[in-house]
Structure formats: C-alpha cells, structure tokens
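The next block holds one structure in the form of structure tokens; read it before the comments.
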Amino acid sequence: MKVSDIFYVKYGVDLELINCEIADEDDLDCVNFVSRTAENNGVSARVKLIDGIEPQAAGTISCAAGGSVLSTFLQEKPYYSGRDLFVLTPKYEMTKKEKLFWCTAIKFNAYKYNYGRQANKTLADIVLPDSIPKWVDNVDIKTITTVNKSSNKKIDTSSWKYFKIEDLFDVTGSSTTPLTKLQEIGKGNYPYVTTQAKNNGIAGYYDYYTEKGNVLTVDSAVLGFCTYQEKSFSASDHVELLIPKFKMNKYIGLFFVTIINKENFRYNYGIKFNQGKIKKTKIKLPITPDGNVDFNYIETFVKKLPFADRI
C-alpha cells in the first residue's frame with residue numbers, strides 16, 4: 001500500500017516564516033507555523049493570521065519533503081505550512097492512534113533521503129504496511145501537559161560573554177565498560193551511556209556504575225553529542241566527562257547541553273570533538289554585573305520554559 005492510497009497528498013500554503021508576523025504570547029488570531037524541522041512537532045513559531053490565506057486543517061499530517069526530510073507529524077491545531085511541506089489528509093476516518101502509526105511508518109523511510117535527495121516527487125509512492133497492527137489500539141497515549149506558558153520573545157544575547165569550557169568544567173575521560181560485562185552483571189537502575197545521539201545517549205540500564213551523576217557527557221567518536229546525566233552511570237568507549245567547577249543542577253545542566261550541542265555542525269567521523277577541542281571551545285553565556293556566569297538567570301530561564309515543570 002502506498003501513501004497515496006491512504007492520504008490525499010498536496011502541498012501546503014508554502015509560506016516563508018520571514019514573511020509572517022510573529023505573534024505575541026497573548027494574541028488570539030494566530031496559528032502554528034509548521035516548517036521542515038524535525039523538532040517540536042514541526043512547529044517553528046506562532047504567527048498572526050494572514051488575510052486571504054486559510055490555515056491547514058487540524059487533524060491533518062505535515063510531512064517535510066526537504067530539510068529534515070520525512071519529518072512527519074500529526075497537527076492537532078490549524079497551522080500554516082512552510083516551504084516544501086506536504087499536507088496529508090486521510091481518505092477515511094482515522095483515530096489519533098492510527099494517524100500517529102502512519103506518521104511513524106512514513107518516518108521510517110527517511111534513511112532513503114538527504115539534503116541532496118528530497119521527497120518532492122516520491123512521497124506519494126512510498127510503500128507502507130498493508131494494514132495497521134492490532135496492538136496500536138491498545139497503546140496508551142498520555143498527553144503531556146505543562147503549566148508554563150510559551151513565549152515567542154527573542155532572547156537578547158548582546159551582553160552575553162564567551163567562556164572556555166575548560167574554565168567551567170574539568171574535562172576528562174570516563175572508564176570504559178564493555179557491554180558484555182554489563183550483560184553478565186544484569187539489568188538494573190544505572191544508565192549505560194554510549195556515543196549514540198539519541199535517548200540521551202543511554203543504551204540500557206544495568207546494575208553497575210563507574211561515574212557519578214550530575215555531570216555532562218560528550219561523545220568524542222561521532223557527532224560530539226552532549227548530554228546531562230543526573231544519575232550515576234557506566235559508559236562505553238569515547239564518552240568524555242565534563243565535571244562542573246560550579247554548583248550545577250539539572251536545569252543548569254540542560255542549558256549547557258543545549259549550548260554545547262550547537263557546536264555539533266563542526267564535527268563528524270573525520271573531525272572528532274576530542275578532549276583538546278572540548279577544552280578550548282568557547283560558549284556564549286549570560287553574565288552578572290561583575291562579568292561572571294549568571295547561573296541564577298540560567299536556572300530561572302529554564303524553569304520557566306514550557307514543559308520544564310515536567311523535568
């Protein structure tokens with residue numbers, strides 16, 4: 001069965017975010033702007049309605065033909081669609097669970113595409129399963145809620161200052177623990193942190209640890225992926241430790257993870273984010289009047305973000 005057998009496939013309104021007016025937090029006449037990003041369910045911003053341009057209908061599926069190709073999401077609110085974004089409308093009545101299944105099934109084809117090979121001409125012909133497995137109906141979908149309000153206000157970083165990572169963290173290697181050893185020990189409550197750039201770098205939980213928690217880890221083998229590890233853990237090869245020289249908690253730790261991961265574009269299989277490069281990397285941070293890192297601002301900022309209350 002093909003995508004076009006299940007959905008009506010058409011381009012969206014093909015808007016540019018730069019040509020839209022970003023909505024204030026309290027604006028009522030606004031909609032989500034969905035782009036080709038793989039993050040935040042595809043939503044890049046909230047924008048004001050434009051006269052004469054109808055939003056895409058709630059309950060349709062957005063699918064990126066370019067950018068983060070085949071980033072596919074169920075949109076439960078009306079939205080404007082950006083460049084190279086398809087809108088998939090079911091040809092028959094579907095439950096939310098069914099739509100989410102098809103989103104996942106389409107995403108599984110993403111490995112066939114990249115920035116040079118987009119899905120503009122082939123999306124409709126992508127082959128999907130002939131039917132939805134019975135277990136889909138039994139999946140328990142829990143909506144994540146937050147009491148924190150969203151804000152589209154831009155952060156003014158003009159007064160921020162650059163700091164070397166080595167001035168804020170002790171950068172060192174972790175003890176390498178072979179997976180075979182952990183499998184012999186057995187499952188437990190301590191994370192096994194690897195170089196994978198997903199699931200917070202965690203590849204399983206075992207009854208063993210070598211490193212204390214409340215530190216950052218950096219993959220020095222692949223993409224330079226940084227994570228915050230709250231619990232004590234063990235690690236595979238090429239997992240570097242960033243041990244704070246200041247009092248860190250999970251909110252401050254996650255802020256640093258976000259900043260450091262902005263450096264990912266510099267590294268790959270040929271250029272490693274090794275300890276030497278980590279130490280010398282400069283990151284821009286908010287400062288106090290006396291020029292030191294404003295950790296209080298960082299913690300307060302993160303705590304106010306949507307869903308931070310669920311961390």
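- Side-chain contact between I271 and K277: present, with at least one pair of heavy atoms (C-beta onward) separated by less than 4.5 Å.
- The backbone N or O of L305 lies less than 3.5 Å from a partner atom in the side chain of N148, making a donor-acceptor pair.
- Taking all atoms of both residues into account, the shortest heavy-atom contact from Q118 to G67 is NE2-N, 4.3 Å.
- Defined by atom type and a distance below 3.5 Å, a donor-acceptor pair is missing between the side-chain atoms of T177 and Y209.
- Salt bridge present: E263 and R266 bring a charged side-chain N and a carboxylate O closer than 4.0 Å.
- Counting only distance, with no hydrogens or angles, the side chain of T37 and the backbone of G42 share no donor-acceptor pair below 3.5 Å.
- Residues I126 and I61 fall within the same hydrophobic cluster, defined by Ile, Leu, Val, Met, Phe, Trp and Tyr side chains chained together at heavy-atom separations under 4.5 Å.
- A donor and an acceptor atom, one from each side chain of D294 and T288, are nowhere located under 3.5 Å apart.
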Checklist entry - Are T122 and Y113 close enough, and set up right, to give a side-chain contact (heavy atoms from CB on, under 4.5 Å), and what steps lead you there? => result CA-CA 10 Å; T122 57; Y113 301 91; 2.8 Å; yes

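- A donor-acceptor pair is defined here as one N or O able to donate and one able to accept, closer than 3.5 Å; no such pair exists between the side chain of N32 and the backbone of V34.
- Scanning both residues, G12 and S81, for their nearest heavy atoms gives CA-OG, 3.0 Å.
- Of all the heavy atoms in D84 and R36, the pair that sits closest is OD2-NH1, 3.1 Å.
- Using a 4.5 Å cut-off on side-chain heavy atoms (C-beta onward), V47 and V31 make contact.
- Within 6.0 Å of NZ in K97 there are more than 12 heavy atoms belonging to other residues, nucleotides or ligands.
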Run the side-chain donor-acceptor check on residues 215-225: report pairs under 3.5 Å with partners two or more places apart or on a different chain.
| from | atom 1 | to | atom 2 | distance (Å) |
| --- | --- | --- | --- | --- |
| T217 | OG1 | T227 | OG1 | 2.5 |
| D219 | OD1 | A221 | N | 2.7 |
| D219 | OD1 | V222 | N | 2.9 |
| D219 | OD2 | V222 | N | 3.4 |
| D219 | OD2 | L223 | N | 2.9 |
| D219 | OD2 | G224 | N | 3.2 |
| S220 | OG | H238 | O | 3.2 |
| S220 | OG | E240 | OE2 | 2.6 |

Checklist entry - Going through the distances and angles, do Y11 and F86 end up as a ring-ring contact (aromatic ring centres under 6.0 Å, His included)? => result CA-CA 4 Å; Y11 267 116; F86 279 101; 4.4 Å; yes

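- K245 NZ: more than 12 foreign heavy atoms inside a 6.0 Å radius.
- S62 is listed as a side-chain neighbour of F73, based on a closest heavy-atom distance under 4.5 Å.
- Inter-residue side-chain proximity for W102 and P129 is flagged as met; some heavy-atom pair is nearer than 4.5 Å.
- Note on L123: it clusters hydrophobically with M1, by side-chain heavy-atom contacts below 4.5 Å among ILVMFWY residues.
- Side-chain contact, Y206 with K181: no donor N or O sits under 3.5 Å from an acceptor N or O.
- Of all non-hydrogen atoms in L285 and W160, the two that sit nearest each other are O-CB, 3.1 Å.
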Checklist entry - Under the side-chain contact (heavy atoms from CB on, under 4.5 Å) criterion, do T194 and I202 qualify, and how do the steps go? => result CA-CA 6 Å; T194 67; I202 297 171; over 6 Å; no

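- Within the 4.5 Å cutoff, the side chain of Y192 has heavy atoms near those of the L179 side chain.
- Judged by distance alone, the side chain of K48 and the main-chain N or O of D29 form no donor-acceptor pair under 3.5 Å.
- Ring planes of F255 and F301: perpendicular class, angle over 60° (limits at 30 and 60°).
- Salt bridge annotation for R83-D14: absent, with no cationic side-chain nitrogen under 4.0 angstrom from a carboxylate oxygen.
- A 6.0 Å sphere centred on NZ of K2 holds no more than 12 heavy atoms belonging to other residues, nucleotides or ligands.
- Interatomic distance, CG of L15 versus CD1 of I50, reported as 5.0 Å (0.5 Å rounding).
- Not a single side chain to side chain donor-acceptor pair (under 3.5 Å) links Y297 to another residue, sequence neighbours left out.
- Neither side chain, Q75 nor T60, offers a donor N or O lying under 3.5 Å from an acceptor on the other.
- The 12-atom threshold is not exceeded at OH of Y190, counting heavy atoms of other residues, nucleotides or ligands nearer than 6.0 Å.
- Residue V43 is not grouped with residue L70 when hydrophobic side chains (ILVMFWY) are merged at heavy-atom distances under 4.5 angstrom, including chains of intermediate members.
- Residues Y228 and N214 bring a donor and an acceptor atom of their side chains to less than 3.5 Å of each other.
- Looking only at distances, no side-chain donor or acceptor of S68 sits under 3.5 Å from a matching main-chain atom of A64.
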Item to check | Stepwise side-chain contact (heavy atoms from CB on, under 4.5 Å) check, K91 with Y8 | outcome: CA-CA 6 Å; K91 288 187 173 182; Y8 296 106; 3.6 Å; yes

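- A cation-pi arrangement is found for K303 relative to Y251, the charged atom lying closer than 6.0 Å to the ring centre and inside a 45° cone about the ring normal.
- With hydrophobic clusters built from ILVMFWY side chains whose heavy atoms lie under 4.5 angstrom apart, V257 does not share a cluster with L241.
- No hydrogens or angles considered: a donor-acceptor pair under 3.5 Å links the side chains of S158 and D156.
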Item to check | Worked verdict on F163 versus V293 for side-chain contact (heavy atoms from CB on, under 4.5 Å) | outcome: CA-CA 9 Å; F163 295 84; V293 180; 3.6 Å; yes

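- At least one donor-acceptor pair closer than 3.5 Å links the side chain of K284 to the backbone N or O of T157.
- Placement of L182 and F233 in two distinct hydrophobic clusters is found when ILVMFWY residues are connected by side-chain heavy-atom separations under 4.5 Å, directly or transitively.
- Contact record, P78 with P55: CB-CB, 4.1 Å, taken as the closest heavy-atom pair.
- The closest side-chain heavy-atom distance from Y92 to I6 is below 4.5 Å.
- R310 places no side-chain N or O within 3.5 Å of a backbone atom of I144 that could act as its donor or acceptor partner.
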Under 3.5 Å, which donor-acceptor pairs link side chains of residues 164-172 to any protein atom two or more places apart or in another chain?
| from | atom 1 | to | atom 2 | distance (Å) |
| --- | --- | --- | --- | --- |
| E166 | OE2 | K280 | NZ | 3.1 |

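- In summary, the side chains of S35 and S44 do present a donor paired with an acceptor at a separation below 3.5 Å, with no hydrogens or angles considered.
- Taking 4.5 Å as the limit, some side-chain heavy atom of I22 sits within range of a side-chain heavy atom of L17.
- Between the side chain of S175 and the main chain of T210, no donor-acceptor pair closer than 3.5 Å is present.
- Side chain of K107 to main chain of T72: a donor-acceptor pair is present (N/O by atom type, distance under 3.5 Å, no hydrogens or angles).
- Distance OG1/T143 to CD/E76: 7.0 Å, rounded to 0.5 Å.
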